[in-house]
**Q** 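Here it is: the structure, laid out below.
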Amino acid sequence: MSEVRLRFAPSPTGYLHVGGARTALFNWLQARKEKGRFILRIEDTDVARSTQESVDAILEGMKWLGLDWDEGPYYQSDNFHIYREFVEKLLSEGKAYRCYCTAEELDAKREKALKEKRKPKYDGTCRNLTGVLHDKPHVVRFKTPHGGSTVFDDIIKGRIAFSNDELDDLIIQRSDGTPTYNFVVVVDDATMRITTVIRGDDHVNNTPRQILLYEALGYPVPRFAHVPMILGSDKTRLSKRHGATSVIAYRDMGYLPEAVVNYLVRLGWSYGDQEIFSTEELIEKFSLDAVGRSAGVFNPDKLIWLNSHYIKTGDPERLATLLGPYLEQKGIDVSSGPNLVSVVKTLQDRSKTMIEMADGALFYYKTDFEYDDKALAKFLNGNLVQLYGEIRDSLKEADNLDHGTIEALFAKICASHGIKMKDVALPARIALTGGTAAPGLFDVMEVLGCRESIQRLERAIEYVQELERERQ
RNA sequence: GGUCCCAUCGUCUAGCGGUUAGGACACCGGCCUUUCACGUCGGUAACAGGGGUUCAAGUCCCCUUGGGAUCACCA
């Protein structure tokens, strides 16, 4: 019984985008579910376009999502000599041949074919050449069998068949001696003993020629699962135009990794009517059979809903440590204010992102905030200073400032004046937070503490007095 | 253009021959309420079209239409 082995093989030509992340996630889940190995391989055969920054960005994205790998990262650029050997093998067995056609000649032929509405396929000029000098510049082509067809059963798409005559004699080694992608993936997946290849469905057309290569090389053909692509709201390929496509950008926008994972996995995969999945649950329930065949539109609204769900139900301690950096970014010194965990608890139900939570937490730490004059205007009836004073005084008498006692305290003030709670709570909120959008007033006061609440009331009194003076 | 893939509410999807076609996001309305939110209750909304097969088709087959992928000395 051979080991189950899966891999994610990005090319380092940019950051980890949501499409790649989902492919990685599916591979990871399948590996974990099957108790197999998950391998990370960097496809950097295109030396010109590959960068170390991209490698770093991809690794960062994987780590943030929690997609740990068991082997790698392997770099294809480290294995050029191996690919060379396999090319030689094919050559000596007559399964590949040297082609001396120049790129210019090929371009011309292709154009001509296109013009005459024929297939732009290599015409096989060099396929049966004999006795040619090897030192002339050349590429190496794979000798695709004529006739017959290549069939495979895709785990997601079902049976797919291609006539071999549709296939080109593809180049497996460039004139500079470097191998090409379709050859390298096969050699790598074969030698790494990959059992299931999960990748984007833009690779289906490559699959038959890859299968032919496996066979020519004498390796078993892995199972294939081609996942549909992710589209933007206008149903075109997802791009920056549609908003952020980098997973790290979502972290920076205040998304939780579990929300992104949950969103991505449900985009294309489903398990009955269930929407929320923990990672453990996903490992248990994920199945390639349940992955849909059609492309899906990336829906930011649903992602944000999931994010707010995970914020709402998240552990306050953990959220507090996550929130810290977002606040620091806004110039807040967290140590100068109330306990961050307590702050988080008041904000969890009303924050869709960590950025939103940070914004909502600002007033706790700022003592020089401005007041919402428009909201305040409704209460400038001449009694506001007195009301603030009353609240302040009752706070001074209170020894223990928890939600319950504050509520009782406010109720008492309401009763003594025969007014409603909102007549007291609304203006008090402005005094304590500066505005109208904030957590429950009593929670705010509990977190702020007695002293700070009193100070804020006093500052508000001065401010209102100033306003009233101006009015006269 | 050739080849290949795809097709249920606006979106993600359930459905695997017999359902009042279900859920979720978004949207609209009610309730809750100390603001903003949360929550809660309810509502609008879909089987692309046409042929078959079958007692019975969203489900199976074919065609049409419409999307998409791919046809490099990129990956």
Side-chain angles (χ1 to χ4, degrees), chain A residues 9-13 43-46 48-50 76 99 101-103 106-107 110 113-114 116-121 137-141 154 156-158 160-163 165-168 170-176 178-182 184-185 200-208 226 228-229 231 233 235-237 263 266-276 290 292-306 308 312 347-352 356 360 372 375 407 410 414 420-430 433 435-442 444:
Chain A
S11 61
T13 53
E43 312 233 302
D44 59 348
T45 53
D46 184 358
R49 290 203 303 154
S50 301
Q76 294 186 321
C99 170
C101 300
T102 65
L106 260 19
D107 284 343
R110 190 166 26 244
L114 240 28
E116 293 167 11
K117 295 197 173 164
R118 288 182 292 111
K119 290 173 202 165
K121 195 178 139 180
H138 63 270
V139 300
V140 176
R141 284 182 188 273
D154 192 279
I156 293 171
K157 307 238 180 208
I160 301 177
F162 288 83
S163 166
D165 292 331
E166 293 297 332
L167 272 26
D168 219 336
L170 84 155
I171 294 172
I172 57 176
Q173 187 178 86
R174 303 185 184 93
S175 48
D176 65 0
T178 59
T180 57
Y181 169 77
N182 276 299
V184 170
V185 246
D201 71 358
D202 48 330
H203 287 285
V204 267
N205 291 289
N206 287 328
T207 308
H226 287 100
M229 48 179 257
L231 310 173
S233 51
K235 304 215 174 188
T236 64
R237 190 186 209 110
Y263 178 72
R266 274 287 286 106
L267 179 54
W269 173 83
S270 60
Y271 188 82
D273 285 339
Q274 190 172 343
E275 297 287 348
I276 306 292
R293 299 131 313 235
S294 54
V297 173
F298 187 84
N299 184 349
D301 283 333
K302 186 129 184 191
L303 171 57
I304 211 163
W305 172 75
L306 278 163
S308 61
K312 217 172 297 171
L347 262 10
Q348 277 177 280
D349 278 349
R350 64 196 68 239
S351 306
K352 288 180 173 19
E356 235 182 76
D372 180 345
E407 185 165 12
F410 271 68
C414 288
K420 292 193 157 76
M421 184 60 86
K422 64 177 174 189
D423 297 319
V424 187
L426 263 34
R429 174 173 295 101
I430 299 171
T433 72
T436 58
L441 181 66
F442 308 143
V444 167

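Numbered from 1 within each chain, the chains take letters A, B, ... in sequence-line order.
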**Q** Knowing that exactly one of A:K157, A:R293, A:H226 qualifies, which makes a side chain to side chain donor-acceptor pair (under 3.5 Å) with A:D201?
**A**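 For A:D201, the side chain to side chain donor-acceptor pair (under 3.5 Å) check succeeds only for A:K157.
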
**Q** The test is side-chain hydrogen bond (donor to acceptor under 3.5 Å, both in side chains); show your working for A:N182 and A:T180 and say whether it passes.
**A** CA-CA 6 Å; A:N182 276 299; A:T180 57; over 6 Å; no

**Q** Could you please name the partner base of B:rG2, counting Watson-Crick and G-U wobble pairs only when both distances are under 3.5 Å?
**A**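 The base-pairing partner of B:rG2, which may sit in any strand shown, is B:rU70.
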
**Q** Any heavy-atom pair between the side chains of A:D107 and A:T102 that's under 4.5 Å?
**A**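 No, every pair of side-chain atoms sits at 4.5 Å or beyond.
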
**Q** What contact category does A:G292 fall into here, base, sugar-phosphate, or nothing, at under 4.0 angstrom with non-hydrogen atoms?
**A**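 Nothing, no nucleic acid heavy atom in range.
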
**Q** What is the distance, rounded to the nearest whole Å, between atom NZ of A:K422 and atom C1' of B:rC36?
**A**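 To the nearest whole Å, that distance equals 15 Å.
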
**Q** Check every atom of B:rA14, B:rG39, B:rA75 against the side chain of A:N182 and return the nucleotide holding the closest atom.
**A**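 So the side chain of A:N182 is nearest to B:rA75.
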
**Q** Under 4.0 Å between any heavy atoms, over every strand shown, what does A:P439 touch: base, sugar-phosphate, or nothing? Just pick one.
**A**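 If one applies the 4.0 Å heavy-atom cut-off, A:P439 turns out to touch a base.
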
**Q** Less than 4.5 Å apart, any side-chain heavy atom of A:E43 and any of A:V185?
**A**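 They are in contact (side-chain heavy atoms under 4.5 Å apart), so the answer is yes.
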
**Q** Give A:G296 one of three labels, base, sugar-phosphate or nothing, depending on what nucleic acid heavy atoms sit under 4.0 Å from its own.
**A**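 Contact class for A:G296: sugar-phosphate only.
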
**Q** Answer with base, sugar-phosphate or nothing: what part of the nucleic acid does A:A161 contact at a heavy-atom distance below 4.0 Å?
**A**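 Sugar-phosphate: the residue A:A161, judged by heavy atoms under 4.0 Å, touches backbone atoms but no base.
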
**Q** Within this structure, what is the CG-to-P distance between A:L426 and B:rU33, rounded to whole angstrom?
**A**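 One finds 15 Å between P of B:rU33 and CG of A:L426, rounded.
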
**Q** In whole Å, I'd like the distance from the CG atom of A:D423 to the P atom of B:rU33.
**A**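 It is 16 Å, rounded to the nearest whole Å.
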
**Q** What I want to check is whether an N or O donor and acceptor connect the side chain of A:R350 with the base of B:rC36 at under 3.5 Å.
**A**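 Yes.
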
**Q** Within the 4.0 Å heavy-atom criterion, would you say A:L441 contacts the bases, only the backbone, or no part of the nucleic acid?
**A**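 The residue A:L441 makes base contact.
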
**Q** In whole angstroms, how far is the P atom of B:rA75 from the CG atom of A:L170?
**A**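 In whole Å, B:rA75 P lies 11 Å from A:L170 CG.
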
**Q** With heavy atoms under 4.0 Å as the rule, sort A:R293 into base, sugar-phosphate or nothing.
**A**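 Sugar-phosphate, no base atom in range.
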
**Q** Could you run down nucleotides 22-31 of chain B 5' to 3' and tag each one B, S or - for protein heavy-atom contact under 4.0 Å?
**A** BBBBS-----

**Q** For a quick check, with a 4.0 angstrom heavy-atom cut-off, what is the B/S/- contact string for nucleotides 67-73 of chain B, read 5' to 3'?
**A** --BS-SB

**Q** Nearest whole angstrom, please: distance from the P of B:rU34 to the CZ of A:R429.
**A**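 In whole Å, B:rU34 P lies 10 Å from A:R429 CZ.
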
**Q** What's the closest nucleotide to the side chain of A:S294 if the choices are B:rA75, B:rC6, B:rU34?
**A**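 Output: B:rC6.
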
**Q** Answer yes or no: is there a side-chain heavy-atom contact under 4.5 Å between A:D46 and A:S11?
**A**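 In short, these two side chains do not touch, never coming nearer than 4.5 Å.
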
**Q** Remember a base hit wins even if backbone is also touched, and classify A:F442 as base, sugar-phosphate or nothing at under 4.0 Å, heavy atoms.
**A**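 The answer is base, as A:F442 lies within the cut-off (heavy atoms under 4.0 Å) of a base atom.
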
**Q** Counting Watson-Crick and G-U wobble pairs only, both distances under 3.5 Å, name the nucleotide matched with B:rA57, or none.
**A**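 The answer is none; no pair meets the criterion.
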
**Q** Checking all strands, does A:T45 fall into the base, sugar-phosphate, or nothing category for heavy-atom contacts under 4.0 angstrom?
**A**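 Touches sugar-phosphate only.
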
